[in-house]
Structure formats: C-alpha cells, structure tokens
Amino acid sequence: GCAPCVAQLEALESFRSSATGAGVEVLAASIDADAGMARRYLAQKFPEAGFRALHDPGGEALSSFGADGIPALFLIDATGIVRMSHFGPGGADRIDAAVAALAGRPAPSATAPQSLD
C-alpha cells in the first residue's frame, strides 16, 4: 500500500470525526485497478470510517483535477470550486484552517479561549 496515502486517510478521518469537521464530507478515491481489493482494505483498515470510498481506476478523475502524484488532497467548496490542493505526503494538517477560512471563522489555532462568565 501507499503509506503516505494511509497516513493522510487517518488524518482526514480524525478531522472528519471532530466537531471542527461538521458539515464537511470526506471522499476517498482509490486508483487501484481492483475496486474490490481497495474496498476490502479500507473496510479492514478503517472499519469505523465515516467517509465514502470511490473508485478511479487509472487516476483519470485525479488527473482531471491536475494531480501530479498521490496522495492528492482537494478541498472543494459547496459550489464545486477547488479551494485548496496538496499533492504528496502531508497536507491534511492544513484542512482545519482552510475549512475555517471558508466558513468565515478563525482557524482553530487562532481561536482564543473565551470566558464562560
């Protein structure tokens, strides 16, 4: 398997399951020729995952988004515009801030604690 791809899926599933990820849908696409093998792997590795898995044999859809490698990460807004992309390992660490910016909220790291008084 692709170790960076698995690491990115783990980070995205963690993000998706957090409160910060509310209202965000995560889609995972496999470019493997054998869709059944990819589905079995995802079911075994991510049995509780809340993301949908898509099949993109040969990476045609991936290429149409301009990806030049895997893993590829795209943040697409509700109107279908790609707001962020990242190719290669990492990238998931930027999702919180990018989603917050789209929603007009401060990034989680910039949110100051507030008094409940």
Side-chain angles (χ1 to χ4, degrees):
C2 166
C5 299
V6 172
Q8 193 173 83
L9 282 172
E10 289 171 345
L12 289 172
E13 175 56 13
S14 176
F15 165 76
R16 189 214 55 81
S17 66
S18 73
T20 308
V24 175
E25 184 174 3
V26 174
L27 304 174
S30 167
I31 62 171
D32 295 314
D34 185 343
M37 183 180 72
R39 284 191 188 96
R40 287 188 298 276
Y41 175 80
L42 289 172
Q44 180 183 6
K45 180 73 177 170
F46 299 97
E48 304 295 321
F51 56 76
R52 288 191 298 153
L54 309 173
H55 189 223
D56 180 24
E60 291 177 28
L62 192 65
S63 293
S64 72
F65 277 95
D68 62 359
I70 59 170
L73 176 65
F74 301 96
L75 176 62
I76 303 170
D77 71 14
T79 66
I81 297 173
V82 176
R83 297 297 185 159
M84 184 196 104
S85 62
H86 179 88
F87 308 124
D93 57 338
R94 296 173 36 211
I95 290 290
D96 275 326
V99 169
L102 281 176
R105 299 187 315 259
S109 60
T111 304
Q114 305 240 342
S115 171
L116 298 178
D117 298 338

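Between the side chain of Ser14 and the backbone N or O of Glu10 there is no donor-acceptor pair closer than 3.5 Å. Between the side chain of Asp56 and the backbone N or O of Leu62, at least one donor-acceptor pair lies under 3.5 Å.
Closest of all the heavy-atom pairs between Val82 and Ser85 is CG1-CB, 4.5 Å. The two residues Glu13 and Phe51 make their nearest non-hydrogen contact at OE1-CD2, 3.4 Å. Nearest approach of Phe46 to Leu9, heavy atoms of both residues: CZ-CB, 3.6 Å. Contact between Ile31 and Gly59 at its shortest, heavy atoms only, is CG2-CA, 3.6 Å.
Between Glu25 and Arg52, some side-chain heavy-atom pair lies under the 4.5 Å cut-off. The shortest distance between side-chain heavy atoms of Tyr41 and Asp32 does not fall below 4.5 Å.
Residue pairs meeting the salt bridge (Lys or Arg N to Asp or Glu O under 4.0 Å) criterion with at least one member in residues 57-69: none, sequence neighbours excluded. For residues 80-101, the ring pair (Phe, Tyr, Trp, His ring centres under 6.0 Å) pairs, not counting sequence neighbours, are Phe74-Phe87.
A search for side-chain contact (heavy atoms from CB on, under 4.5 Å) contacts involving Leu12 returns Gln8, Val26, Leu73, Ala92, Ile95, not counting sequence neighbours. With sequence neighbours excluded, no residue forms a salt bridge (Lys or Arg N to Asp or Glu O under 4.0 Å) with Arg39. Checked against side-chain contact (heavy atoms from CB on, under 4.5 Å), Pro4 has the following partners two or more places apart in sequence or in another chain: Cys2, Pro71, Pro89. Partners of Asp34 by salt bridge (Lys or Arg N to Asp or Glu O under 4.0 Å), not counting sequence neighbours: none found.
Ile76 is connected to Ile70 through a chain of hydrophobic side-chain contacts under 4.5 Å among Ile, Leu, Val, Met, Phe, Trp and Tyr, so both are in one cluster.
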